[in-house]
Amino acid sequence: MDKLFQKLTQPSLKDMCVQALLEKILSGDLQVGDWLPPERDLAEQMGISRSSVNQAILQLSSQGFLEIVPRRGTVVRDYRKQPTPQSLAAVMTYGSSELDRDLFGNLMEFRLLIESECARLACRHIYENTFAEMTALAERFAAGDGDPADTLYQFHYRLSQASGNIIYSMLFRAFEPLLRTLISRHYVLQAADIQSSAQMYRRLLDHIRNKDEEKAAQQVRAIINRGILVLQQRYE
């Protein structure tokens, strides 16, 4: 009989080094053009081998975040101007709420564009069972049952599915770790928003049920903009 489960493994020191360096880059602590300390110094600061640091730098270089300059060292590359498929994948799976201000703004612009269109399309294509699932999620959120970040992520994911556009749904799902973290951060910073936010979700569902595409799009933008205002506090 084939094995049902595979052995569980802990992240390697190299992988942990990759995540530590990536967080410094995506949070803005390391800016484009900044030089990393020499590998020997990095290894000493992190308490790991120089080999692990070297492997981490090679991986981030292949992903477009770092550039290795012969006889000079390693510099932070402008991954926004010269992105690779690997750099996008790294951002998608980034699980921290610490984001550079510009990257945060870009992500929110993406959400406003994609989700407002999903709301419009949902007015035409949503299935009754999907509408019922979204209604149940909105009521669970209002009642404070379970984790609000999980509930709202599931709601927005259902909205992307309700659009009937599989690419929109796939793009939204690809950013799951980052979106969950940001939603959670919102309601840590402003837990009192829950009841007023719940009303906004109910209004969105009303507009979708009434097939009012413009109001549905406006409502989802209002929901996202509310979260942006809260999360932007860290940059002020």
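In what follows, residues are counted from 1 in the order of the sequence shown. Small disclaimer: the values here were computed from a predicted structure and weren't measured.
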- Query: Below 4.0 angstrom, N of the basic side chain to O of the carboxylate: do Arg209 and Asp206 qualify?
  - Reply: yes
- SB check Glu44 Arg40 (cutoff 4.0 Å): no
- Would you say His125 and Thr130 make side-chain contact, with heavy atoms under 4.5 Å? no
- Aromatic ring proximity, centroids under 6.0 angstrom, Phe175 and Tyr94: no
- Message: Salt bridge or not between Arg80 and Asp100? Use side-chain N to carboxylate O under 4.0 Å.
- Response: yes
- Do any N or O atoms from the side chain of Ser87 and from the backbone of Pro83 form a donor-acceptor pair under 3.5 angstrom? no
- Could you state whether Leu60 and Val32 fall into the same hydrophobic cluster, counting links through intermediate Ile, Leu, Val, Met, Phe, Trp or Tyr residues with side-chain heavy atoms under 4.5 angstrom apart? no
- Task: Kindly assign one of parallel, tilted or perpendicular to the pair Phe65 and Tyr79, based on the angle between their ring planes and the thresholds 30° and 60°.
- Result: tilted
- Does Phe110 CZ have over 12 foreign heavy atoms under 6.0 Å away? yes
- Name all residues meeting the side-chain contact (heavy atoms from CB on, under 4.5 Å) criterion together with Met16; count only those two or more places apart in sequence or in a different chain, and write none if there are none. Pro11, Leu13
- Can you name the closest pair of heavy atoms from Glu213 and Arg120 and give their distance? CG-O, 3.6 Å
- Is there a donor-acceptor pair under 3.5 Å between the side chain of Asn210 and the backbone N or O of Asp212? no
- Message: Do Val220 and Leu113 land in one hydrophobic cluster if side-chain heavy atoms of ILVMFWY residues count as linked below 4.5 Å?
- Response: no
- Item | Donor-acceptor contact present, side-chain Ser184 to main-chain Arg180, <3.5 Å | no
- Query: Judged by atom type as modelled, is there a donor-acceptor pair below 3.5 Å linking the side chain of Asp150 to the main-chain atoms of Asp147?
  - Reply: no
- Task: Give me the ring orientation class for Phe155 and Tyr201: parallel if the planes are under 30° apart, tilted from 30 to 60°, perpendicular past 60°.
- Result: perpendicular
- Task: Please answer whether the main-chain N or O of Ile57 pairs with a side-chain N or O of Ser61 as donor and acceptor at a distance below 3.5 Å.
- Result: no
- Hey, are the side chains of Leu178 and Leu182 touching, using non-hydrogen atoms and a 4.5 Å cut-off? yes
- Item | Listed partners of Tyr157 passing ring pair (Phe, Tyr, Trp, His ring centres under 6.0 Å), at least two apart | none
- Item | Residue pair Leu205 / Ala138: nearest heavy atoms and the distance that separates them | CD1-CB, 3.9 Å
- Do Ser27 side-chain atoms and Glu23 backbone N/O form a donor-acceptor pair below 3.5 Å? yes
- Would you say Ser52's side chain and Ile48's backbone share a donor-acceptor pair under 3.5 angstrom? no
- Message: Can a donor-acceptor pair be found, under 3.5 Å and without considering hydrogens, that links the side chain of Gln219 to the backbone of Met200?
- Response: yes
- Task: Go through the steps for Tyr187 and Phe141 under the test side-chain contact (heavy atoms from CB on, under 4.5 Å), then give the verdict.
- Result: CA-CA 11 Å; Tyr187 290 101; Phe141 173 67; 3.7 Å; yes
- Query: Would you say Met92 and Glu176 make side-chain contact, with heavy atoms under 4.5 Å?
  - Reply: no
- Item | Asn225 side chain to Arg221 backbone, donor-acceptor under 3.5 Å | yes
- Query: Closest approach of Asn165 and Ile167, non-hydrogen atoms and distance?
  - Reply: OD1-N, 3.0 Å
